[in-house]
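Heads up, the thing below is written out as structure tokens.
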Amino acid sequence: MTAPVAPVSPALERYEAVIGIEVHCQLRTASKMFCSCSTAYDGAPPNSHTCPVCLGLPGALPTINRAAVEGVLATGLAIGATIPGATRWDRKNYFYPDLPKGYQISQYDLPLAAHGRLAIETSDGPFVVGIQRAHLEEDTAKLIHAADATGRRISLIDFNRSGAPLMEIVTEPSIRTAEQARRYAEELQLVLRTIGVSDADMDRGQMRVEANVSLRPRGSEPFGTRVEVKNMNSFRSVERAIAFEIERQAVALDAGAVLSQDTRGWDDSRGVTYVMRSKEDSHDYRYFPEPDLPPLRVAPAWIEAVRAALPELPAARRSRYRDELGLSAYDAAVIVAEPDLAIAFEAIRAAGPRLPAKEIANFVTGDYGRAVKESTERTSDGLVRRARAVELADLLRRISTGELSRTNAREVLIQHLAEGGTVGSIIEAQGFRQISDRDALGNAVDAVLLANPAAVADHHAGKPSLGFLVGQVMKATRGQANAELVGKLLRARLERAEAPADPDPADPR
Ligand code: ADP
Ligand code: MG
Ligand code: ZN
């Protein structure tokens, strides 16, 4: 759907890209991963959501957050992964000021979910991304590098985020193009939001995407040296950064350079990646089992309970809209990609079961979708704040019976969203009842034809002017005319005018 983000260089024809994506996502839980501190620290004063556990004080002991485990289980089930009967926690050791314990509690060789997959649609058709694992770990504190009043450079630390539950989802190196990578990240976000485990907002750091990129000569098996790219803050940057990296590596390899296994950052404004540091290997972390936590047994009944609570997943919903409701693949994708639209679509269908699904889809992706984009006031069920599904269904019904023109329907919608009020009362108050009376419209059509001889002449000369004339009639009737009928009446009159007229005895010619 989007244009290629980077030109394809000839060097690329000789290489195939191998891409693996790592996503860190903040789970939507009330408390942190291993303590009871609240995760509602957004906007709170620094270091106000802390305790001995998440400050890493000596002797403090962790306890496991059940809701966070369920978030990973739900994700695992949604991506068709295997859930082991038992899992455990491991310490990932490294020193950094945002990690006060000197280690992060994570999962190493026994993740909560393994061997999943996610199907995506790309401009080259469907593609399945293999997923290695999804595991649970804790977030770090936040470092803020700034300057004090005298201009001295200082670093501040806020522990509010320290110990927040973080899920890491890692793909197989099965992705081959920048577009596939972007589509995977978009679909994963949609799944996470649909099952309600994360808000997964990239802008707010709730979903962080890292890309591992290497090249190999086409037709050869072994992987090349990979580079890890970080700091991509939007789906578009994911695609651009990978496209840039593929191009950069292709040019370097062609020039005979030896690539090094670096971690690189993405500079969005310059559109380039740059070296941040050389990459650690996993043995540098000296993983070992976490002695302060017991292994976690995942009973089959628990897995089944989580599975039973899963809502309809995006892929299933898209195919239901296509196969059962007859929507186009495009409409189904647009509606399902935007939970607010899907909610409105379902609600209007429930309120107006006899309305054709296609009509509802057009409305939801069209006028309603625009109104949603402009509105910041949403309810928890995703409708724009004052919208009522019964009223929206009523609006569609009145359009389909010809009682309301589309132009005026838009006005009614805007007013309904702004002030509430029933569609019936808005139509009454605005005098929006559509004019479908042939005589009344005939008069308006005649007046417009008389007033616009140039447009009439254009029509006879084969230039398209019918739309203009319809527009003039709509204007003259304050948008109340039945546009379809106006078109018919205009065409009939223009055709009649083309037929040879009776000679006029008063004509001197
Ligand atoms: P780490 O923890 O060091 O980042 P992993 O081995 O878990 O690394 O791999 C991270 C990601 O890199 C995974 O998505 C994996 O599929 C991908 N990957 C591994 N090898 C390559 C490679 N040669 N080229 C591209 N991606 C790779
Ligand atoms: Mg990595
Ligand atoms: Zn705490």
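In this text, all values refer to a predicted model and were calculated from it rather than measured experimentally. We use all heavy atoms of the structure for the numbers below, so side chains are in, but hydrogens, waters and symmetry mates are not.
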Kindly indicate whether the side chain of V336, heavy atoms from C-beta on, has any atom under 4.5 Å from the side chain of T194.
-> no

To the nearest 0.5 Å, how far apart are CZ in F127 and CD in E187?
-> 13.5 Å

Are the side chains of L392 and L413 in touch, meaning some heavy atoms are under 4.5 Å apart?
-> yes

Search all heavy atoms of A332 against all heavy atoms of R322 and return the closest pair with its distance.
-> CB-CG, 4.0 Å

Tell me, with the steps shown, if E346 and R320 meet salt bridge (Lys or Arg N to Asp or Glu O under 4.0 Å).
-> CA-CA 12 Å; E346 295 286 340; R320 180 165 65 85; 2.9 Å; yes

So SG of C37 and CZ of F159: to nearest 0.5 Å the spacing works out to 12.0 Å

Any sub-3.5 Å donor-acceptor pair from Q189's side-chain atoms to A200's backbone N or O?
-> yes

Aromatic ring pairing Y368/F363, orientation class (parallel under 30°, perpendicular over 60°, tilted between) = tilted

Main-chain N/O of L395 paired with R398 side-chain donor or acceptor, under 3.5 Å | no

Assess whether side chain to side chain contact (heavy atoms under 4.5 Å, CB included) is satisfied between Y321 and D331, documenting all intermediate values.
-> CA-CA 9 Å; Y321 283 2; D331 280 350; over 6 Å; no

Search all heavy atoms of A164 against all heavy atoms of Y41 and return the closest pair with its distance.
-> CB-OH, 3.9 Å

Heavy-atom donor-acceptor pair, D158 side chain to N47 backbone, under 3.5 Å | yes

Are any of the side-chain heavy atoms of W266 and E245 separated by less than 4.5 Å?
-> no

Dump the intermediate steps for salt bridge (Lys or Arg N to Asp or Glu O under 4.0 Å) on R66 and E70, then the final yes or no.
-> CA-CA 6 Å; R66 184 185 177 96; E70 284 180 352; 3.4 Å; yes

Just wondering, do N212 and E22 contact through their side chains at under 4.5 Å, heavy atoms?
-> yes

Would V129 and Q180 count as a side chain to side chain contact (heavy atoms under 4.5 Å, CB included) if you check the C-alpha gap in whole Å, the side-chain angles of each, and the deciding distance to 0.1 Å?
-> CA-CA 8 Å; V129 176; Q180 287 169 357; 5.7 Å; no

Step by step, would you call R236 with D268 a salt bridge (Lys or Arg N to Asp or Glu O under 4.0 Å)?
-> CA-CA 10 Å; R236 192 177 142 72; D268 202 51; over 6 Å; no

Taking C-beta and beyond as the side chain, do P464 and L466 meet within less than 4.5 Å on heavy atoms?
-> no

Any donor-acceptor pair under 3.5 Å linking the side chain of S198 with the backbone of Q26?
-> yes

N65 side chain to K32 backbone, donor-acceptor under 3.5 Å | yes

Cationic N near anionic O, under 4.0 Å, D199 to R204 = no

Under the 3.5 angstrom rule, does the side chain of R161 hit a backbone N or O of T140 as a donor-acceptor pair?
-> yes

Between CD1 of I157 and NZ of K142, what distance do you get to the nearest 0.5 Å?
-> 12.0 Å

List the steps, then state whether side chain to side chain contact (heavy atoms under 4.5 Å, CB included) holds for L396 with I348.
-> CA-CA 9 Å; L396 286 183; I348 297 172; 4.0 Å; yes

Roughly how far apart are R28 CZ and L192 CG, rounded to 0.5 Å?
-> 10.5 Å

Main-chain N/O of D201 paired to Q206 side chain as donor or acceptor, under 3.5 Å = yes

Does NE2 in H115 sit with more than 12 non-hydrogen atoms of other residues, nucleotides or ligands closer than 6.0 Å?
-> no

Can you check whether T39's main-chain N or O pairs, donor with acceptor, with H49's side chain at less than 3.5 Å?
-> no

Within a radius of less than 6.0 Å around NZ of K463, do more than 12 heavy atoms belonging to other residues, nucleotides or ligands occur?
-> no

Nearest heavy-atom neighbours spanning A481 and V486 | CB-CG2, 3.6 Å

Are side-chain N/O atoms of E359 and S400 paired as donor and acceptor at under 3.5 Å?
-> no

Could you check R406 against D367 for salt bridge (Lys or Arg N to Asp or Glu O under 4.0 Å), going step by step and ending with a plain yes or no?
-> CA-CA 10 Å; R406 288 194 186 270; D367 289 338; over 6 Å; no

Does the side chain of L77 reach to within under 4.5 Å of the side chain of I303, using non-hydrogen atoms?
-> yes

Indicate yes or no: at least one non-hydrogen side-chain atom of I79 is less than 4.5 angstrom from one of R117.
-> no

Between R183 (side chain) and E121 (backbone), is there a donor-acceptor pair under 3.5 Å?
-> yes

May I ask you to check whether over 12 heavy atoms, not counting those of E484, lie within 6.0 Å of atom CD?
-> no

Heavy-atom closest pair (T365 atom, N362 atom, distance to 0.1 Å) is OG1-O, 3.4 Å

Worked verdict on L494 versus L469 for side chain to side chain contact (heavy atoms under 4.5 Å, CB included) = CA-CA 11 Å; L494 289 166; L469 291 168; 4.3 Å; yes

Answer yes or no: is there a side-chain heavy-atom contact under 4.5 Å between Q430 and N408?
-> no

Pair R491 + E495, salt bridge at N-O below 4.0 Å = no

Interatomic distance, M207 atom CE to F235 atom CZ [nearest 0.5 angstrom] | 4.5 Å

Is the shortest side-chain N to carboxylate O distance from R208 to D139 below 4.0 Å?
-> yes

Between G76 and A113, what is the shortest heavy-atom contact and its length?
-> CA-CB, 3.8 Å

Write down the atom of I21, the atom of A211, and the distance for their closest heavy-atom approach.
-> CD1-CB, 3.8 Å

Short question: side chain of H416, backbone of G421 - any donor-acceptor pair under 3.5 Å?
-> yes

Straight-line distance of L27 CG to M33 CE, nearest 0.5 Å = 8.0 Å

